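In what follows, residues are counted from 1 in the order of the sequence shown. Keep in mind it's a predicted model, so treat the numbers as computed, not measured.
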Amino acid sequence: QVQLVESGGGLVQPGGSLRLSCAASGSIVNIGAMGWYRQAPGRQRDLVATITSGGSANYADSVKGRFTISRDNAKNTVYLQMNSLKPEDTAVYYCNTDRVVIAGPRVRYDLWGQGTQVTVSS
């Protein structure tokens, strides 16, 4: 059983910062690319940022220069540092990985966390 568990969401004022974490648990051998997506009420789930196992990052235009994605492969964890937050950043943020190799070996594809709410409001 492999799980992704997000944490770090909450309520913050415009211009503030939050740091999200997503930890993968289980008998993990290797994790592929990891990413953050978000979904606001009534809207589709959109890409925020992704990072490869080697550390190459990609960002949505709307968050470039404000958000930073990083990962700690030893801890099987990916982070999202969010600065200069805006009300339009309000959404449920989901962690994703495209591939996890677990003991066996077996491979699990396209795993999602349960989501963490981020609300930006004064």
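Tracing side-chain contacts under 4.5 Å through hydrophobic residues (I, L, V, M, F, W, Y), one never reaches Leu4 starting from Leu47; they form parts of separate clusters.
Within the 4.5 Å cutoff, the side chain of Pro87 has no heavy atoms near those of the Ser121 side chain. With contacts defined as side-chain heavy-atom distances shorter than 4.5 Å, the pair Thr116/Arg38 does not qualify. The shortest distance between side-chain heavy atoms of Gln39 and Tyr93 does not fall below 4.5 Å. Residues Leu18 and Asn83 have side chains not in contact (no heavy-atom distance under 4.5 Å, counting atoms from C-beta outward). Between Leu80 and Thr68, every side-chain heavy-atom pair lies at or beyond the 4.5 Å cut-off. In this structure, the side chains of Asn73 and Ile31 stay at 4.5 Å or more apart for every pair of heavy atoms. Taking the side chain as every heavy atom from C-beta outward, Ser70 and Gln81 never approach each other to under 4.5 Å. Residues Arg45 and Trp112 are in side-chain contact: their nearest non-hydrogen atoms beyond the backbone lie under 4.5 Å apart.
The heavy-atom pair separating Pro14 from Ser122 by the smallest distance is CD-N, 3.7 Å. The two residues Ile51 and Arg71 come nearest to each other via the heavy atoms O-NH1, 3.4 Å. A pairwise comparison of heavy atoms in Ala40 and Ala91 identifies N-CB, 3.8 Å as the closest pair.
Not one N or O on the side chain of Asn96 forms a donor-acceptor pair closer than 3.5 Å with the backbone of Tyr37.
Membership of the apolar cluster around Val101 extends to Val29, Val107, Tyr109, as traced through chained side-chain contacts below 4.5 Å between ILVMFWY residues.
Because its NZ or CZ atom is both nearer than 6.0 Å to the ring centre of Tyr79 and within 45° of the ring axis, Arg19 counts as a cation-pi partner of that residue.
Screening Val92, Leu11, Leu20, Thr90 for a side chain to side chain contact (heavy atoms under 4.5 Å, CB included) with Val118, the sole residue that qualifies is Leu20.
Annotation: Trp36 is not in aromatic contact with Phe67 [ring centroid separation under 6.0 Å not met].
In this structure, Glu88 places its CD atom where more than 12 heavy-atom neighbours from other residues, nucleotides or ligands lie under 6.0 Å away.
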Which is it for Tyr94 and Glu6 under the side chain to side chain contact (heavy atoms under 4.5 Å, CB included) test, yes or no, and what are the steps along the way?
-> CA-CA 7 Å; Tyr94 296 91; Glu6 300 101 333; 4.1 Å; yes
What do the steps show when you test Lys86 against Arg66 for side chain to side chain contact (heavy atoms under 4.5 Å, CB included), and what is the final call?
-> CA-CA 10 Å; Lys86 304 174 181 180; Arg66 300 188 298 122; 3.8 Å; yes
Check against side chain to side chain contact (heavy atoms under 4.5 Å, CB included), Ile69 and Asn58 = CA-CA 9 Å; Ile69 189 170; Asn58 178 59; over 6 Å; no
Assess whether salt bridge (charged side-chain N to carboxylate O under 4.0 Å, His left out) is satisfied between Asp61 and Lys64, documenting all intermediate values.
-> CA-CA 5 Å; Asp61 288 342; Lys64 283 181 181 177; 3.1 Å; yes
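Salt-bridge check for Asp110 with Arg99: failed, with every basic side-chain N at 4.0 Å or more from each acidic carboxylate O.
Looking at residues two or more places apart in sequence or on another chain, you find a side-chain hydrogen bond (donor to acceptor under 3.5 Å, both in side chains) between Gln44 and Asp46.
Residue pairs satisfying the disulfide bond (SG atoms under 2.5 Å apart) criterion with at least one member in residues 54-102, sequence neighbours excluded, are listed as follows: Cys22-Cys95.
For the atom pair CG of Asn76 and CD1 of Ile28, the computed distance is 4.5 Å after rounding to the nearest 0.5 Å. Expressed to the nearest 0.5 Å, how far CD of Gln1 lies from CZ of Arg108 amounts to 8.5 Å. With values rounded to the nearest 0.5 angstrom, Asp98 atom CG is found 9.0 Å from Ser53 atom OG.
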